[in-house]
Amino acid sequence: MARYFTEEHEWIDVEGDTATVGITDYAQEQLGDIVFVELPSVGTVIEKGKDAAVVESVKAASDVYAPISGVATEANAALEDDPALVNSSAEEDGWFFKLTIADKSQLEGLMDEAAYKSFVDGL
Amino acid sequence: MSDDHETAEPQTLPLDAWHRAQGARMVPFAGYWMPIQYQGIVAEHEWTRTHAGLFDVSHMGQLLVSGEGAAEALEALLPGDVLSLKPGRIRYSMLLDENGGILDDLMVTNVTPEGGTPTYYVVVNGATKWDDIAHLREHLPDEITLTHLEDQALLAVQGPEAANALRRVFRDAMGDLKFMQGTAFRFGEIEIGIGRSGYTGEDGFELSVPAEHAETIAGRLCAEIEIKPIGLGARDSLRLEAGLPLYGHDLSPDTDPISAGLGFAIGKRRRADGGFPGAERILSLIENGTETKRVGLTLDGRLPAREGALVYLGDEEVGRVTSGGFAPTLSHPIAMAYVASTHAAEGTELEIEVRGKRLPARVASMPFVPHRYYRGN
């Protein structure tokens, strides 16, 4: 399984034709206490660069843009009851949604963990 | 240019380095770098409700209005009863335009020394202070002196343990104040003005201290076990729970004191005699009612409705949210909105549209979280 990162602070786990998407620990730290996560319903066609989810923190609402295109196959139900899971476990239990990957070439050019880390260090 | 302060690089406040050393995340706000949070908004919010928080509000404008006739001069610009305000007392009021629109809301304290020249200490909002100062300079008579206390920092200490902690530091020097009372005292060589008021709904104090001593005082206060520094984020969620309006969001020149639910700030004598900007219109609104009202709304679930969200009754648009967010104390979202007066009764079931979804909302009495001001005994 490969994990990719975007400059918009999302992570993407790729397993075969399926990807799991979440936001990074850096992102949750920036957003602060998360009180609600709006996720795409199953079957939603997701387009790279368009809104895919919304994170509501105490402070503000923030859009999460789709890092790749595909069709949503599952939303993390655990976030409904416990959105703070994104704060406590952004890169594991606090995943957002899964999707089928429409075009694997969209993964090209995304960062790996080391590259993302130096990207964040440079911010 | 008049709007330089809005577009220019944010300025730093006296406690800038101190905030950064405390681990604050700094953001530009009202023309200054200000701490939005230290540990996290919810943790800071809860700390303030249970212990005490130190808020740096040095961005706010601290003004002195003095001279023979200062009270009368202020009464010509705001609807509050200044003439009856005794030395050492604080009152909430508003600067109004000629139409009765709200230019700013403010706190005025009578700080006249015994037998001295009438003097009023006025605290105005940071984002509006330059406009306020221009307005006051234009409208106050020449014999009244307006002084901008630019070298004073302003620190708020708020929470149920604030009084105990402050008393441990300042001992008897700070006097025995009740809510909306103020005094001045010396702490060593430092002259401190103190008022028992705030913006969280909790008991608390605001301290005006010389900028050069702000770090000393902030450090000394935060050495007390009850007091932690709190950022702007929690300041906003605390004031929202307390039902306190925020200028520029819940109040503006397009709103008037009566629609805003601030009629309490217009005393009996002023209602009878008028003599403040927009008095004719405002007195008529008191008499005949307003088209809209600022109300509290409580929402189920967890999805907050933010400023700008529209409020519906069925298909009819009946209002607009002016402040909204998640209430940490209540664990559900709350909002303030201006709603048609016909649909503003407590308990009215409405809906707020958020990203195309209708969220059920109920008109609720404010404050959402009860005030705990100290009024004696």
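In the text below, chain A, chain B and the rest are named by the order of the sequence lines, each starting its count at 1.
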ask   = With chain A, which of B:Ser237, B:Gly325, B:Pro304, B:Gly233 has the greatest number of heavy-atom pairs at distances under 4.5 Å?
value = B:Pro304
task = With sequence neighbours excluded, tell me which residues meet ring-ring contact (aromatic ring centres under 6.0 Å, His included) with A:His9.
result = A:Tyr26, A:Tyr116, A:Phe119
key: Check: B:His332 ring centre within less than 6.0 Å of B:Phe326 ring centre   = no
message = For A:Glu29, which atoms come within 4.5 Å of any heavy atom of chain B: side chain, backbone, both, or neither?
response = both
inquiry  = Can you give me the closest heavy-atom contact between B:Tyr199 and B:Pro245, atom names plus distance?
reply    = OH-O, 2.8 Å
Option that, when pairs with chain A are counted at under 4.5 Å, heavy atom only, ranks first among B:Leu303, B:Ile41, B:Val42 = B:Leu303
inquiry  = Strictly by ring-ring contact (aromatic ring centres under 6.0 Å, His included), give each pair with a member in residues 41-90 of chain A just once, sequence neighbours left out.
reply    = none
ask   = Can you say whether A:Val37 sits under 4.5 Å from chain B via the side chain, the backbone, both, or neither, judging by heavy atoms?
value = neither
key: B:Ile36 versus chain A, the contacting section by heavy-atom distance below 4.5 Å   = side chain
task = Validate the cation-pi geometry between B:Arg25 and B:Tyr38: distance from NZ or CZ to the six-membered ring centre under 6.0 Å, angle to the ring axis within 45°.
result = no
